[in-house]
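Each residue takes its place number in the sequence, starting with 1. Only a predicted model underlies this, so the values are computations on that prediction, with no experimental measurement involved.
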Amino acid sequence: MASDPKVHVFEDVSKHNQTKDCWLIISGKVYDVTAFMEDHPGGDEVLLSATGKDATNDFEDVGHSDSAREMMEKYYIGEIDASTVPKKRTYIPPQQAPYNPDKTPDFLIKILQFLVPLLILGLAFAVRHFTKKE
């Protein structure tokens, strides 16, 4: 840890709430966990949900191991000015791209499940019609 830690204001820390720029406040300390997003065992959603607030309770409730606590030291970037942290804050979810069901593989599978049987049925009728002897 740094000998003279930088003191961050809550408003500045709360702006870092994206996958490519994620800071957390845990036990009065500020951590830049951006580099750890992909490696976090619980996924990046867990870390993103802890942004914009004091994440101490979220961190402690999970019961992290001693090695996880030691690992935090390399992400430490300073202290939080406790007077700037609001007592209670409503959760503001991080911005995400809107969900588009037409671009998912499930949509394609559903279309194929409908069209393939129709094509087989049409082919069977065509074969029957053109090969029928009169």
Side-chain angles (χ1 to χ4, degrees):
M1 291 190 182
S3 60
D4 188 21
K6 181 175 180 186
V7 177
H8 298 276
V9 179
F10 178 81
E11 185 177 316
D12 293 336
V13 174
S14 65
K15 291 177 186 175
H16 300 273
N17 62 355
Q18 310 269 329
T19 303
K20 302 221 182 275
D21 183 25
C22 184
W23 290 12
L24 297 179
I25 302 167
I26 300 172
S27 302
K29 298 178 181 176
V30 180
Y31 300 91
D32 182 352
V33 295
T34 307
F36 187 61
M37 295 294 281
E38 292 180 13
D39 298 329
H40 188 265
D44 60 351
E45 298 87 15
V46 174
L47 296 175
L48 287 174
S49 69
T51 61
K53 63 180 182 178
D54 183 347
T56 304
N57 288 338
D58 295 344
F59 181 80
E60 296 298 336
D61 287 347
V62 174
H64 286 89
S65 65
D66 291 337
S67 62
R69 293 173 190 280
E70 290 171 13
M71 189 185 302
M72 289 173 57
E73 291 180 20
K74 68 180 175 183
Y75 302 110
Y76 174 80
I77 56 171
E79 303 285 325
I80 188 72
D81 181 357
S83 66
T84 63
V85 178
K87 299 297 178 207
K88 186 139 187 155
R89 180 178 165 94
T90 56
Y91 173 67
I92 301 171
Q95 294 177 350
Q96 296 178 346
Y99 175 71
N100 187 350
D102 295 339
K103 291 190 177 184
T104 63
D106 292 339
F107 180 75
L108 181 62
I109 290 171
K110 287 179 182 179
I111 291 290
L112 289 175
Q113 285 177 338
F114 178 74
L115 290 180
V116 169
L118 284 180
L119 289 173
I120 292 172
L121 187 61
L123 183 61
F125 278 123
V127 168
R128 170 108 168 110
H129 179 70
F130 291 113
T131 59
K132 182 167 69 168
K133 293 182 182 178
E134 290 189 39

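Residues W23 and D21 are in side-chain contact: their nearest non-hydrogen atoms beyond the backbone lie under 4.5 Å apart. By the 4.5 Å heavy-atom criterion applied to side chains, T51 and L24 are counted as neighbours.
Interatomic distance, H64 NE2 to I26 CD1, rounded to the nearest 0.5 Å: 7.5 Å. Rounding to the nearest 0.5 Å places CD of E79 at 9.0 Å from NE2 of H8. K110 NZ to L115 CG: the interatomic distance, rounded to the nearest 0.5 Å, is 14.0 Å.
Through side-chain heavy atoms spaced under 4.5 Å, either directly or across other Ile, Leu, Val, Met, Phe, Trp or Tyr residues, L123 is tied to V127.
By the criterion of side-chain heavy atoms lying less than 4.5 angstrom apart, applied directly or through intervening Ile, Leu, Val, Met, Phe, Trp or Tyr residues, F125 is not grouped with I120; the two fall into different hydrophobic clusters. Linking Ile, Leu, Val, Met, Phe, Trp and Tyr residues whenever their side-chain heavy atoms come within less than 4.5 Å leaves I77 and V9 in two separate clusters.
Using the six-membered ring where Trp is involved, Y76 and Y31 have ring planes that are perpendicular, over 60° apart on the 30 and 60° scheme.
The two residues S49 and V46 make their nearest non-hydrogen contact at OG-O, 2.8 Å. Considering all non-hydrogen atoms of both residues, S14 and G52 come closest at CB-CA, 3.9 Å. Minimum heavy-atom separation, I25 to F10: CD1-CD1, 3.6 Å.
Side-chain atoms of H16 never come within 3.5 Å of backbone atoms of D32 as a donor-acceptor pair (strictly under, hydrogens ignored). Without hydrogens or angle criteria, T56 side chain to S27 main chain gives a donor-acceptor distance under 3.5 Å.
Partners of K15 by side chain to side chain contact (heavy atoms under 4.5 Å, CB included), not counting sequence neighbours, listed by chain and number: E11, D12. Legend: residues meeting side chain to side chain contact (heavy atoms under 4.5 Å, CB included) with M37, ordered by chain and number and at least two apart, are T19, C22, V33, D44, L47, L48. Scored by the ring-ring contact (aromatic ring centres under 6.0 Å, His included) test, F36 finds H40, Y75 as partners (sequence neighbours excluded). In terms of the side chain to side chain contact (heavy atoms under 4.5 Å, CB included) criterion, A82 has no residue partners (sequence neighbours excluded).
Judged as a salt bridge (charged side-chain N to carboxylate O under 4.0 Å, His left out), the pairs with a partner in residues 56-67 (not counting sequence neighbours) are, in order, K53-D58, E60-R69.
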